[in-house]
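Structure first, commentary second.
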Amino acid sequence: MILVTGGAGFIGANFILDWLRTSDQPVLNVDKLTYAGNLQTLSPLRDNPRHVFSQVDICDRIALDGLLKQHAPRAVLHFAAESHVDRSIHGPGDFVQTNLVGTFTLLEAVRSYLHTLSEASKARFRFLHVSTDEVYGSLSATDPQFSETMPYAPNSPYAATKAGSDHLVRAYHHTYGLQTLTTNCSNNYGPYQFPEKLIPLMIANALAGKPLPVYGDGQNVRDWLYVGDHCSAIREVLQHGKPGETYNVGGWNEKKNLDVVHTLCDLLDRLKPKASGSYRSQIISVKDRPGHDRRYAIDARKLERELGWRPAETFETGLARTVQWYLDNQAWSDEVASGEYRTWVETHYAQRA
Ligand code: NAD
Ligand code: TYD
């Protein structure tokens with residue numbers, strides 16, 4: 001069995017769905033179910049005995065000890081995190097708690113669990129830590145892309161807490177010999193993403209006839225990776241990655257935010273035309289994010305050179321699949337766009353107006 005933390009979130013859920021399609025190994029899914037955790041996403045697995053769900057906070061050491069003892073996983077894949085930069089600006093406390101204290105608690109639980117294993121099982125065990133390119137800070141238009149050897153320079157509370165968690169994972173490898181693997185990935189997009197992030201937010205607002213709020217001048221650059229490609233990279237790193245190493249994962253798709261929004265509007269104009277005019281007419285410029293990083297770009301050549309991984313989707317194919325998915329699954333989006341999420345959107349964008 002493998003243990004996945006944060007498996008009810010966007011990437012974790014995509015990973016579990018893909019994993020159970022391609023492997024016969026069961027998954028223990030450990031998730032606190034914060035506003036970002038959604039079991040609806042995993043409803044196709046309701047009767048699947050190979051998916052075991054446990055609603056547990058990764059800061060709860062006693063619960064983690066019990067789960068590790070009971071299920072004896074061969075690997076831990078750590079996705080759970082507070083993951084949204086804007087929320088980290090409004091309230092960094094939860095980010096420190098889950099991303100730092102939670103990762104530390106999980107590492108300690110795993111360290112103690114490993115004492116119960118044979119030397120051979122200990123050597124085979126893997127702790128795969130899912131992190132972000134945001135730990136490297138911001139690039140200018142002409143800087144080279146982020147490589148694995150670049151110094152860390154996190155700028156938001158989110159990035160700082162992810163950077164701290166990366167350092168803890170690194171220290172547990174060097175100090176205690178834990179067989180760790182770290183992946184630093186660029187912006188993901190695809191099915192089941194919570195509509196607080198750029199791409200699902202723009203699709204949801206466009207379809208609802210609401211403004212499409214672009215921060216600042218819209219010229220900030222992100223590298224975009226289709227979530228299915230991220231999941232295949234993680235499987236590759238888990239199977240063939242070298243313990244103690246970090247791997248950057250990217251889509252080779254650097255795009256300016258405004259260009260992304262234009263492309264989304266053009267796709268919607270084609271797939272679900274409005275009665276009159278283009279979705280582009282809904283785009284508005286709003287107050288910029290404080291400390292907004294200008295450019296992220298990933299050099300993913302190490303992963304290709306050492307493990308032979310490359311993304312399968314281009315930005316065009318991945319985005320077309322994504323828009324079609326949201327059009328076909330509006331019930332999922334409608335359910336998510338209630339409760340806590342609605343409150344967040346109302347207060348966040350009221351302040352920017
Ligand atoms: P998400 O916010 O969609 O999901 C996070 C999940 O973690 C949720 O299911 C939530 O309930 C759970 N969780 C939060 N706090 C928890 C706690 N204390 N204990 C247990 N579970 C808890 O996030 P995501 O977009 O799926 O990101 C997954 C991982 O990938 C994160 O570590 C994130 O930093 C990293 N990452 C994300 C992106 C991206 O573009 N989304 C890019 C690079 C790296
Ligand atoms: P986001 O999806 O929040 O990811 P991250 O901040 O982790 O890169 O944002 C992606 C980019 O889109 C980022 O430069 C901020 C910008 N953005 C907007 O312009 N408008 C929005 O409503 C949102 C949510 C993001």
Side-chain angles (χ1 to χ4, degrees), residues 4-15 29-39 41-42 54-60 63-64 77-89 94-95 97-99 101-103 105-106 129-135 138 155-156 158-159 161-162 165-166 183-190 192-202 204-205 211-225 227 230 234 248-250 255-258 260-261 283-289 291-296 298 336 345 348-349 352:
V4 167
T5 70
F10 163 51
I11 305 174
N14 273 284
F15 179 84
N29 179 0
V30 176
D31 196 300
K32 180 183 175 182
L33 295 183
T34 66
Y35 77 94
N38 184 356
L39 283 183
T41 305
L42 296 168
S54 180
Q55 184 173 2
V56 159
D57 186 334
I58 54 164
C59 299
D60 182 343
L64 290 178
L77 284 78
H78 179 32
F79 294 83
E82 287 292 338
S83 71
H84 187 37
V85 174
D86 290 320
R87 283 181 191 259
S88 82
I89 295 167
D94 286 347
F95 289 72
Q97 189 60 23
T98 285
N99 300 358
V101 178
T103 301
T105 309
L106 183 64
H129 176 57
V130 179
S131 191
T132 169
D133 59 358
E134 304 194 22
V135 297
S138 185
N155 289 321
S156 69
Y158 164 65
T161 55
K162 289 298 288 187
S165 67
D166 293 8
T183 54
N184 293 86
C185 183
S186 57
N187 285 56
N188 283 218
Y189 66 99
Y192 304 113
Q193 187 167 28
F194 200 76
E196 62 185 355
K197 307 276 168 67
L198 181 73
I199 288 178
L201 179 96
M202 293 296 165
N205 280 14
L212 308 181
V214 173
Y215 296 171
D217 65 4
Q219 300 303 298
N220 302 67
V221 172
R222 298 290 182 267
D223 171 66
W224 292 97
L225 178 69
V227 65
H230 188 190
I234 289 173
N248 284 356
V249 190
K255 303 283 176 203
K256 292 179 177 146
N257 290 339
L258 196 54
V260 171
V261 179
I283 297 173
I284 59 163
S285 172
V286 296
K287 193 165 155 226
D288 208 353
R289 171 188 281 172
H292 195 176
D293 283 342
R294 197 62 176 166
R295 173 174 167 245
Y296 302 145
I298 281 268
V336 168
V345 168
H348 177 66
Y349 288 101
R352 297 200 113 81

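Below, each value reflects all heavy atoms present in this structure, side chains not excepted, and no hydrogens, waters or symmetry copies. In listed order, ligands and their atoms are each counted from 1. On a predicted model such as this, the values are computed, not experimentally measured, just so you know.
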(Q) If we check side-chain contact (heavy atoms from CB on, under 4.5 Å) with Y296, which of these qualifies: N187, V221, N220, D223? (A)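 So the option named by the test is N187.
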
Under 3.5 Å: donor-acceptor pair, side chain of [X], backbone of [Y]:
X    : Y    : result
S131 : T183 : no
N14  : V227 : no
N205 : P211 : yes

**Q.** Partner set under salt bridge (Lys or Arg N to Asp or Glu O under 4.0 Å) for D217, not counting sequence neighbours
**A.**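 Residues passing salt bridge (Lys or Arg N to Asp or Glu O under 4.0 Å) with D217: R294.
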
(Q) Can you list every protein residue that has a heavy atom under 4.0 Å from any atom of ligand 1, sorted by chain and residue number? (A)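 Correct list: G6, A8, G9, F10, I11, D31, K32, L33, T34, A36, G37, V56, D57, I58, F79, A80, A81, S83, T98, V130, S131, T132, Y158, K162, C185, S186, N187, N188.
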
(Q) Does the structure place the NZ or CZ of R87 under 6.0 Å from the centre of the six-membered ring of Y35, at an angle of no more than 45° from the ring's axis? (A)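 Geometry flag: set, cation within 6.0 Å and 45°.
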
Show the short N or O contacts, below 3.5 Å, that ligand 2 makes with protein N or O atoms; if there are none, say 'none'.
residue, atom, partner, partner atom, Å
ligand 2, 2 (O), L198, N, 2.9
ligand 2, 3 (O), R289, NH2, 3.1
ligand 2, 4 (O), N187, ND2, 3.3
ligand 2, 6 (O), R289, NH1, 2.6
ligand 2, 6 (O), R289, NH2, 3.1
ligand 2, 7 (O), E134, OE2, 2.5
ligand 2, 8 (O), N187, ND2, 2.9
ligand 2, 8 (O), R222, NE, 2.8
ligand 2, 12 (O), N257, ND2, 3.4
ligand 2, 14 (O), R222, NH2, 3.2
ligand 2, 14 (O), N257, ND2, 2.9
ligand 2, 14 (O), H292, NE2, 2.7
ligand 2, 19 (O), Y215, N, 2.9
ligand 2, 20 (N), P213, O, 2.8
ligand 2, 22 (O), P213, O, 3.3
ligand 2, 22 (O), Y349, OH, 2.5

**Q.** Counterpart residues, ring pair (Phe, Tyr, Trp, His ring centres under 6.0 Å), relative to F15 (two or more places apart)
**A.**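 Testing F15 for ring pair (Phe, Tyr, Trp, His ring centres under 6.0 Å), a comparison that skips the adjacent residues, returns W19, F79.
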
Q) Checking side-chain contact (heavy atoms from CB on, under 4.5 Å) for the pair I283/L258: CA distance, chi angles, key distance, verdict? A) CA-CA 9 Å; I283 297 173; L258 196 54; 4.2 Å; yes

(Q) Under a 3.5 Å threshold, yes or no: a donor from one side chain and an acceptor from the other, between D166 and N184? (A)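 Yes.
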
